Amino acid sequence: MPLSETKADEGLEKNFNFSEAEPRLYQMWEQGGYFAPEPKKTGPKFSIVIPPPNVTGNLHMGHALDVTLQDILTRYHRLKGDDTVWIPGCDHAGIATQAVVERALAAEGLEREKLGREKFVERVWQWKETYGSNIVRQLRRLGASCDWSRERFTLDEGLSKAVREVFVSLYEEGLIYRGERIINWCPHCRTAVSDIEVEHEDRADYLYYLKYPLQNKGEYLTVATARPETIFGDTALAINPNDTRHQVYLGQMAQVPLTSRLVPIIADDYVSMEFGTGCLKVTPAHDPNDFLIGRHHNLPIILAIDQNGLMTNQCGSLAGVEVSKARELTLKLLEDNDFFIKSEPLNHAVGLCYRCRTAVEPLVSKQWFVSSAPLALEASKAVREGRVKLHPASWEKTYFEWLDNIRDWCVSRQLWWGHQIPAWYCQRCAQTVVSREDPTICTSCGGELQRDPDVLDTWFSSALWPFSTLGWPNKTADLERYYPTSVLVTGFDILFFWVARMIMMGLKMTAQEPFLDVVLHPLVRDETGQKMSKSKGNAINPLEVLDRHGADAFRFTLASQAGPTRDLRLNAKRVEGYSKFVNKLWNASRFAFRHLGLEPLLAKSPPSSFPDRWIFSRLSQVIEEINTEIAQYHFDRYCDIIYQFTWYEFCDWYLELIKPILYQESQNEQEATKACLALVLCDLLTIIHPVMPFVTSEIYARLFPSAAPLMLRSFPQSSKYQRDQRALTEAAFLMDLTKAVRQARSDFGVPPAAKLSPIVSLSDPLLAELMIKQAPLLLNLMGAASLRVAEKGESKPKEAAVNILDWGQVWTPLTGHIDAEAERARLTKEALKLEKDIDSAQKKLSNQDYLTKAPEEIVEETREKLVALDKRLQAVKRSQELIGDLT
RNA sequence: GGGCGGUUAACUCAGCGGUUAGAGUGCCAUCCUCACACGGUGGAAGCCGGAGGUUCAAAUCCUCUACCGCCCACCA
């Protein structure tokens, strides 16, 4: 019965209008409180904390991927009926945020020093209130189903309390200490940074050979250095103890060029005899190695460069000069005074600040450190013992490598934006007070106290995120229920910065692993594999992608490429491709809607018709596969499964198979199939929902306007659908048969309008019966007028194409269309392929080793295959002989 | 210097010990058939980087090698 135009208009529009639907649906979800957990629920729990984006941030591809994967997990577990919570929030991002606000101040002609600490911090908070919600709004556009009522910020009162508690208790245990060490100083950010915040880059530089005159002799030692400007900090020269060339000088004194200072010549294993002249200048204040040598030999430390990146008053006429200019000037002085011998090119690594890429200056300074080795040992053990699992596990080696060689973590930063270190120094007795409560006077002498001005590394508070967000150190209900969290999803680039430190801190402070699984996803790159960056101009803006293709297509694209690899090369074309998948699903639903109408009944009893039995069987298998893949965080395979199933089975076959029923069968059969279609569609939408929440929700809401939203449905269990092996076999047969006729039509260029009348020669009476029963449907799929089983002894009509299949032959009479040459070519090609396969099977079966060593079922399979192939080849050969009759 | 990835169809990737190696995009032919031309149908396209080895069987495991990329590292 043809549908009237008006009826069609009452259904779904031709395309999904995502830009209208997305904000509407999201608002409905959020206002409905559907993202909130249900703590009273019994059964499994699922909790996850977001890797907090910087408040200064704007959504980039890394966030988009991160959020998509977490949302897939969150929505999946929610549908599964788990008590699910996903906690969102932002990081205060000390250096980055301070820099942004300082730039804004500069535009007003202000400086933070002039403003003063209190006023400045106030300004940063203002900035945060105004712009800090950008990123959070953008996460919503992706469909992130976070519980916004639990949103946290690393500088919140509660989280600050956690930071303070951790700092004080680690201090009390001796795991946090203050000391004078060599650290990495960023002259641009004007703060210390930790070792992992320094990136190394090879640079073309020079090695300079300089004269160091020996005391009271006309002789000199030649020293090779890459940093001549640091000579003002030299406090020794060192040689290898086994170096016979220089041994005589041991214990003597040498003069530091351009100064009157005399320094000892010492022996140390560290010095290489091969490099340079084998004679090393030791500058403990400005080189990590020299610092260690200095310690072993009790050398004094002389600062040549200060914290503003200026040369100190130890540097004679260079005092006050910027480091970047000091080298050239020093070299000039050395040449003028005959200390310079020569220079040669040198390639070596230069340390750069990871935030601003300025060359960092190693210098000795008083800072706070976390003694990391004891914490690292436990963190390493947790993964070794499988209490925390990394996915993919190949990252474990890298993780162990870092933890096993960990150095103390410099956590103080010379900034104002962040958690101020809870340490006070007595102005009278030099006592240090570290305390949970702000002290008023010195605990030992009652003297006046001054607070340490520094703040903590941003990563210090990030390390506490999984438990600080849940209320720790208070014993909150959330902490009790949702900690440890289920899984952490993040990019592998912050494995050390964040993941390892969370495990260290979590184990130390809560005596539990902060999460059980860690999913390390790839980094999003452009189509050529380059890192995306604004400066390179190759960055794709996720917001533009969202505008153009919608969240569902974008999410699907990201997830479909989120395998256990390192690179995710994002190709804009691919998003476009998957937006067609969204359209396909929409239109399949549109078709269903026309037949089902509003609020259709869902099938309650097992189906009787073949298409329904078949799709039930497949759906059961698909659900099981999805569960397996998601349990292993194989997002790419999950996407692949639903794509293939939806498009090539549900749409291409199931919807086509039921058309004859919907149009032609009796009322009863129609109703039964409609109920099955409704049920299958609902569950299809449900299993796709985690990755494409918007379009699935919208379809569902249109179909069931008075029902609860799709995201509150239950994820179907695979046992919900009966598996019917016969239906699967029959489907394979019908598909084969249909494809054979279609192929014949295509090969001979028979126009679609011309109806065919294929004849099928087969021996299995069950299949023959099925074929006759399904004839109406098959005619439709093949574009045929009639279809029949060949009589006993009947042979192929003269002008007919033949397809030889395992279960028989399909003859498609093509009077007027048949072309002997084309048919001969077809058969020759077919025969060649069969012969090749037969040959390979025969070879296997004539191999004694194969017969005895391969598993029996494999051998048996090969035997069966050979028989079937042989049968087909004979049939092809007979057909080849018959071709003569055609002409 | 150490470690870790990658190398499979024109492009982006999946497969990681057992049928004839798959997908998306692109390409060719054809069809606007009553969900969808953001579609249907059919098709072309790969000595699975190279060389050895293990195995009855290798894209898949091992060794070596080439190229690309990443991370770590205190020879100035």
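All figures in this text were calculated on a predicted structure; none of them were measured in a lab. Just so it is clear: chains get the letters A, B, ... in the order the sequence lines come, proteins before strands, and each one is counted from 1.
When rounded to the nearest whole Å, the span between NE2 of A:His521 and P of B:C70 equals 18 Å. A:Asn587 has its CG atom 10 Å from the P atom of B:A35, to the nearest Å.
Contact of A:Arg566 with B:C4 (side chain to base): a donor-acceptor pair of N or O atoms is detected under 3.5 Å. Interface remark: the A:Lys584 side chain does not form any donor-acceptor pair with the B:C38 base, using a distance-only criterion of under 3.5 Å. Under 3.5 Å, the side chain of A:Glu401 and the base of B:A73 form no donor-acceptor pair of N or O atoms. For B:U25, its base never sits under 3.5 Å from the side chain of A:Arg574 at any donor and acceptor pair.
For B:G46, there is no paired base (Watson-Crick or G-U wobble, both distances below 3.5 Å). Nucleotide B:U63 is matched to B:A51 when pairs are restricted to Watson-Crick or G-U wobble geometry with both distances under 3.5 angstrom. As the counterpart of B:A10, B:U25 is assigned, both hydrogen-bonding distances of the Watson-Crick or G-U wobble pattern falling under 3.5 Å. Within the shown strands, nothing qualifies as a pairing partner of B:U33 under the Watson-Crick or G-U definition with both distances less than 3.5 Å.
When each of B:C75, B:A35, B:C38 is scored by its nearest atom to the side-chain atoms of A:Phe275, the top-ranked nucleotide is B:C75. Of all nucleotides listed (B:A35, B:C13, B:U20), B:U20 comes nearest to the side chain of A:Asp837. Ranking B:G15, B:A73, B:A35 by closeness to the A:Arg407 side chain, first place goes to B:A73. Considering only the side chain of A:Ala349, B:A73 comes nearest among B:C36, B:G3, B:A73. Comparing B:C34, B:G42, B:A76 against the side chain of A:Ser272 picks out B:A76 as the nearest. Here B:G15 is the nucleotide among B:U25, B:G15, B:A76 with the atom lying nearest to any side-chain atom of A:Arg637. Taking every side-chain heavy atom of A:Arg742 into account, B:G42 is the closest of B:G18, B:G42, B:U25. Between B:C31, B:G42, B:G40, one nucleotide has an atom nearer to the side chain of A:Asp652 than all others, and that is B:G40. Closest to the side chain of A:Thr565, from the set B:A14, B:C56, B:G39, is B:A14. Among the nucleotides B:G18, B:G3, B:A76, the one closest to the side chain of A:Ile858 is B:G18.
Comparing B:U30 with B:C67, their C1' atoms are spaced 43 Å from each other, to the whole Å. Using P as the reference atom, B:A9 and B:C47 are 8 Å apart when rounded to the nearest Å. Comparing B:C11 with B:C71, their C1' atoms sit 28 Å apart, to the nearest whole Å. As rounded to the nearest Å, B:A76 and B:G5 have C1' atoms that lie 32 Å from one another. Here, B:G2 and B:U60 have their C1' atoms 28 Å apart, quoted to the whole Å. With both ends at atom P, the span from B:A14 to B:G52 equals 28 Å, rounded to whole Å. Between B:U54 and B:U63, the distance separating the two P atoms is 15 Å to the nearest Å. Separation of the C1' atoms belonging to B:A23 and B:U8 is 13 Å when rounded to the nearest angstrom.
Base contact: A:Asn15 has a heavy atom under 4.0 Å from a base atom. The residue A:Ser840 sits close only to the backbone: its heavy atoms come under 4.0 Å of sugar-phosphate atoms, none of a base. Nucleic acid contact for A:Gln644: sugar-phosphate only, since backbone atoms but no base atoms lie under 4.0 Å from a heavy atom of the residue. A:Lys833 comes within 4.0 angstrom of a base, heavy atoms only. Within the 4.0 angstrom heavy-atom criterion, base atoms lie near A:Glu656. Using a 4.0 Å heavy-atom cutoff across all strands shown, A:Thr398 reaches no nucleic acid atom at all.
Taking the six-membered ring for Trp and the full ring otherwise, the centers of A:Phe18 and A:Phe554 sit at least 6.0 Å from each other. For A:Tyr643 and A:Tyr578, the ring centers sit closer than 6.0 Å to each other. A distance of 6.0 Å or more separates the ring centres of A:His634 and A:Tyr638.
Each of A:Val198 and A:Val271 lies near RNA chain B, and the nucleotide nearest A:Val198 is the one positioned closer to the 5' end. Judged by closest nucleotide on RNA chain B, A:Ala841 is the one of A:Gly577 and A:Ala841 placed further toward the 5' end.
Checked against A:Thr230 for a side-chain hydrogen bond (donor to acceptor under 3.5 Å, both in side chains), the options A:Lys281, A:His286, A:Glu361 give a single hit: A:Lys281.
Distances shown here put a side-chain N or O of A:Gln743 below 4.0 Å from the OP1 or OP2 atom of B:G43. Remark: A:Lys865 is in phosphate contact with B:U20, judged by side-chain N or O atoms under 4.0 Å from OP1 or OP2. OP1 or OP2 of B:A35 has at least one side-chain nitrogen or oxygen of A:Tyr663 nearer than 4.0 Å. Phosphate contact (OP1/OP2 of B:C71, side-chain N/O of A:Lys397, threshold under 4.0 Å): absent. In terms of phosphate contacts, A:Lys580 brings no side-chain nitrogen or oxygen within less than 4.0 Å of OP1 or OP2 of B:C38.
Between A:Val271 and A:Ala238, the closest heavy-atom pair is CG2-CB, 3.7 Å.
Ring geometry for A:Phe645 against A:Phe650 counts as tilted: the plane angle lies between 30° and 60°, on a 0 to 90° scale.
For the residue pair A:Asp636 and A:Ser560, no side-chain donor N or O sits within less than 3.5 Å of a side-chain acceptor on the partner.
In this structure the side chain of A:Glu860 reaches within 4.5 angstrom of the side chain of A:Arg863, judged on heavy atoms.
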